[in-house]
Amino acid sequence: MPCARSMKPRRMFSADDSRYMARALQLAERGLYTTMPNPRVGCVLVKDGRIVGEGFHERAGQPHAEVHALRAAGQAARGATAFVTLEPCSHHGRTPPCAHALIDAGVVRVVIAMRDPNPQVAGRGIELLTLAGIHAEVGLMAAQATELNVGFISRMTRGRPWVRLKTASSLDGKTALGNGVSQWITGPAARADGQRLRARACAVLTGVGTVLADDPQMTVRDMEIARQPLRVVVDSQLRTPPTAKILRDDGAWLVCGELKTSADRARRDALLDAGALILEQPGADARVDLAALLQELGSRGINELHVEAGATLNGALLGAGRVDEWIAYLAPKVLGDPARGLFALPEYAQMAQCHDFRIQDLRQLGDDIRLTLRPISS
């Protein structure tokens with residue numbers, strides 16, 4: 001019987017293997033808006049060239065993808081090959097280990113897109129399968145599986161969520177007219193796409209400046225979803241009004257600096273009465289420590305953090321190197337000066353100081369353009 005630690009990932013997969021894994025990834029994507037804080041996972045069981053069972057993980061605490069697929073297959077699972085987008089779990093959480101379920105069902109081969117970055121798994125699921133005599137092969141469509149779970153991977157490996165910054169601007173990089181009017185820069189297709197980004201996130205982050213200027217709710221609209229993302233406001237001095245719309249419907253987290261005075265505490269008490277949760281994360285210069293905030297969100301199970309904010313918070317996150325992905329919607333408009341910009345950043349003297357991005361994706365949505373960008377590491 002081969003030793004799991006000596007097993008090397010199989011490098012060559014067949015066209016059929018790719019087809020079944022593509023189906024597993026399609027299934028996993030069905031949990032895009034519901035699985036958090038768990039990863040999105042799909043599983044397909046194949047025997048004699050025919051799919052005999054399939055499933056996906058929908059919600060935390062409910063059966064994992066492998067269990068759904070095994071239940072659908074029944075006795076046909078014996079002797080089958082399982083295609084799963086993430087390494088089967090090996091530990092008892094809210095549900096039993098999926099590696100044991102595959103072993104007990106008599107599966108003879110398991111093709112895995114990527115290893116589980118969760119330290120509680122991290123290769124142990126593959127080891128259990130291999131020790132049971134099952135051929136475990138890793139790496140088929142790993143890039144696609146990674147993209148599906150960038151937030152979960154970030155939380156498991158870095159202790160903080162994947163930060164996705166969303167902006168909507170004119171061609172000259174302006175987000176609003178000088179008088180603050182911003183509705184609507186982009187068209188309906190781009191706005192609907194932005195709602196889908198909100199819906200897939202565990203939490204939405206904004207700044208108090210946006211709350212004071214626009215009084216947004218920051219909820220997902222025009223979509224049938226089972227839960228709303230957590231709403232978080234960076235508000236160093238607790239200037240959010242108790243009547244703010246963002247505090248409606250289960251409230252929001254307000255993240256502030258150190259509360260020192262009786263006036264600070266009075267504002268805190270009024271906001272608590274309005275349904276807010278107050279989180280102190282004091283940083284330098286009476287500001288919020290953004291790095292500490294992200295670690296705190298990670299510790300609370302936030303995988304993907306969707307940022308819709310003004311230039312101040314956008315600039316602070318970018319300047320601190322905390323933007324993992326930037327979704328930029330560009331409208332074919334020119335707003336001119338002194339319209340409002342995207343980022344409040346210091347003046348740079350050299351090009352080497354500037355922030356460089358790589359374009360991951362570019363597409364047209366109605367009359368607008370959507371750019372997906374990732375920072376280029378220094």
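Position 1 is the first residue of the sequence, and the numbers go up from there.
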Quiz item: Which pair of heavy atoms, one from Tyr329 and one from Lys166, lies closest together, and at what distance?
Solution: CE1-CG, 3.7 Å
Quiz item: So which heavy atom on Arg158 is nearest to which on Pro161, and how close?
Solution: NH2-O, 4.0 Å
Quiz item: Under 3.5 Å, side chain of Asn149 to main-chain N/O of Phe152, donor-acceptor pair present?
Solution: no
Self-check item: Sidechain-backbone polar pair: Thr85 side chain, Ala24 backbone, donor-acceptor under 3.5 Å
Solution: no
Quiz item: Does the side chain of Met36 come within less than 4.5 Å of Cys202's, by heavy atoms?
Solution: yes
Exercise. Using modelled atom types only, decide if a donor and an acceptor are shared between the side chain of Asp285 and the backbone of Arg287 within a distance under 3.5 Å.
Key: no
Exercise. May I ask you to check whether over 12 heavy atoms, not counting those of Glu224, lie within 6.0 Å of atom CD?
Key: no
Quiz prompt | Minimum heavy-atom distance between Gly301 and Pro37, given as atom pair plus value | solution = O-CB, 3.3 Å
Exercise. Compare every heavy atom of Ile246 with every heavy atom of Arg231, then report the nearest pair and how far apart it is.
Key: NH1-O, 3.1 Å
Self-check item: Asp337/Lys174 ion pair, N-O < 4.0 Å
Solution: yes
Quiz item: Does Asn314 use its side chain to pair, donor to acceptor, with the backbone of Leu342 at less than 3.5 Å?
Solution: yes
Quiz item: Do Leu277 and Leu254 have side chains that get closer than 4.5 Å, going by heavy atoms?
Solution: no
Quiz item: For the side chain of Thr157 and the backbone of Ile153, is there at least one donor-acceptor N/O pair under 3.5 Å apart?
Solution: yes
Self-check item: Student check: side-chain heavy atoms of Val323 and Val307 closer than 4.5 Å
Solution: no
Exercise. Flag the pair Thr206 / Met218 as yes when at least one side-chain heavy-atom distance between them is below 4.5 Å, and no otherwise.
Key: yes
Self-check item: Plane angle bin for Phe357 and Trp326 - parallel if under 30°, tilted between 30 and 60°, otherwise perpendicular
Solution: perpendicular
Self-check item: Side chains of Glu296 and Ile302 in contact at under 4.5 Å (non-hydrogen atoms)
Solution: no
Practice problem: State whether the side chain of Asp214 and the backbone N or O of Pro216 hold a donor-acceptor pair below 3.5 Å, judged by distance alone. | Solution: no
Quiz item: Under the side chain to side chain donor-acceptor pair (under 3.5 Å) criterion, do Thr35 and Asn38 qualify, and how do the steps go?
Solution: CA-CA 5 Å; Thr35 63; Asn38 288 357; over 6 Å; no
Quiz item: Thinking salt bridges, do Arg40 and Glu29 make one under a 4.0 Å N-O criterion?
Solution: no
Quiz item: Does a side-chain N-to-carboxylate-O contact under 4.0 Å join Glu308 and Arg198?
Solution: yes
Quiz item: Shortest non-hydrogen contact from Ala316 to Leu290?
Solution: CB-CD1, 3.7 Å
Quiz item: How long is the span from the NE2 atom in His64 to the SG atom in Cys43, to the nearest 0.5 Å?
Solution: 12.0 Å
Quiz item: Does Arg115 offer a backbone N or O that forms a donor-acceptor pair with the side chain of Glu87 under 3.5 Å?
Solution: no
Quiz item: In the hydrophobic clustering (ILVMFWY, side-chain contacts below 4.5 Å, transitive), which residues join Val108, or is it alone?
Solution: none
Exercise. List the steps, then state whether side-chain contact (heavy atoms from CB on, under 4.5 Å) holds for Arg239 with Arg267.
Key: CA-CA 8 Å; Arg239 293 187 292 149; Arg267 289 196 302 275; 5.8 Å; no
Practice problem: Spell out, yes or no, whether Val138 and Leu86 are grouped together once hydrophobic residues are joined by side-chain heavy atoms under 4.5 Å, including indirect joins. | Solution: yes
Exercise. Establish whether Met156 and Trp162 are linked, either directly or via other cluster members, by ILVMFWY side-chain heavy-atom contacts under 4.5 Å.
Key: no
Quiz item: Can a salt bridge be assigned to the pair Asp193 and Arg191 using a cut-off of 4.0 Å between side-chain N and carboxylate O?
Solution: no
Practice problem: Can you establish whether the number of heavy atoms outside Asp273 located under 6.0 Å from its atom CG is more than 12? | Solution: yes
Quiz item: Charged N to carboxylate O below 4.0 Å: is that the case for Arg78 and Asp104?
Solution: no
Quiz item: With a 4.5 Å limit on heavy-atom distance, are the side chains of Leu45 and Val107 in contact?
Solution: yes
Self-check item: Beyond-backbone contact of Ile327 with Thr167, side-chain heavy atoms, under 4.5 angstrom
Solution: no
Exercise. Show your working on side chain to side chain donor-acceptor pair (under 3.5 Å) between Asp172 and Ser170 and close with a plain yes or no.
Key: CA-CA 5 Å; Asp172 53 342; Ser170 60; 2.3 Å; yes
Quiz item: Linking I/L/V/M/F/W/Y whenever any side-chain heavy atoms sit under 4.5 Å apart, do Leu294 and Leu313 land together?
Solution: yes
Quiz prompt | Side chain Gln353, main chain Gln350, donor-acceptor under 3.5 Å | solution = yes
Self-check item: Arg30 with Glu58: basic N within carboxylate O range, under 4.0 Å
Solution: no
Quiz item: Has Gln75 got more than 12 heavy atoms of other residues, nucleotides or ligands less than 6.0 Å from its CD?
Solution: no
Exercise. For Val288 and Gly257, work out which heavy atoms get closest and say how close.
Key: CG2-N, 4.2 Å
Exercise. Would you kindly confirm whether Ile51 and Phe13 end up in one hydrophobic cluster when ILVMFWY residues are joined by side chain heavy atoms under 4.5 Å apart?
Key: yes
Quiz item: Going by heavy atoms in the side chains, are Leu238 and Ile278 under 4.5 Å from each other?
Solution: yes
Practice problem: Return yes if some donor-acceptor pair links the side-chain N/O of Asp215 with the main-chain N/O of Lys245 below 3.5 Å, else return no. | Solution: yes
Quiz item: With distance as the sole test, does Asp324 use its side chain to make a donor-acceptor pair with the main-chain N or O of Val163 at under 3.5 Å?
Solution: yes
Quiz item: Are Leu318 and Leu205 joined in one hydrophobic group, where the rule is that I, L, V, M, F, W and Y side chains link up if heavy atoms are under 4.5 Å apart?
Solution: yes
Quiz item: Within a radius of less than 6.0 Å around CG of Asp269, do more than 12 heavy atoms belonging to other residues, nucleotides or ligands occur?
Solution: yes
Quiz prompt | Under-4.0 Å salt bridge between Arg374 and Glu325 | solution = yes
Quiz item: For Thr186 and Asp368, what are the C-alpha separation, side-chain angles and deciding distance, and is it a side chain to side chain donor-acceptor pair (under 3.5 Å)?
Solution: CA-CA 7 Å; Thr186 55; Asp368 305 313; 4.7 Å; no
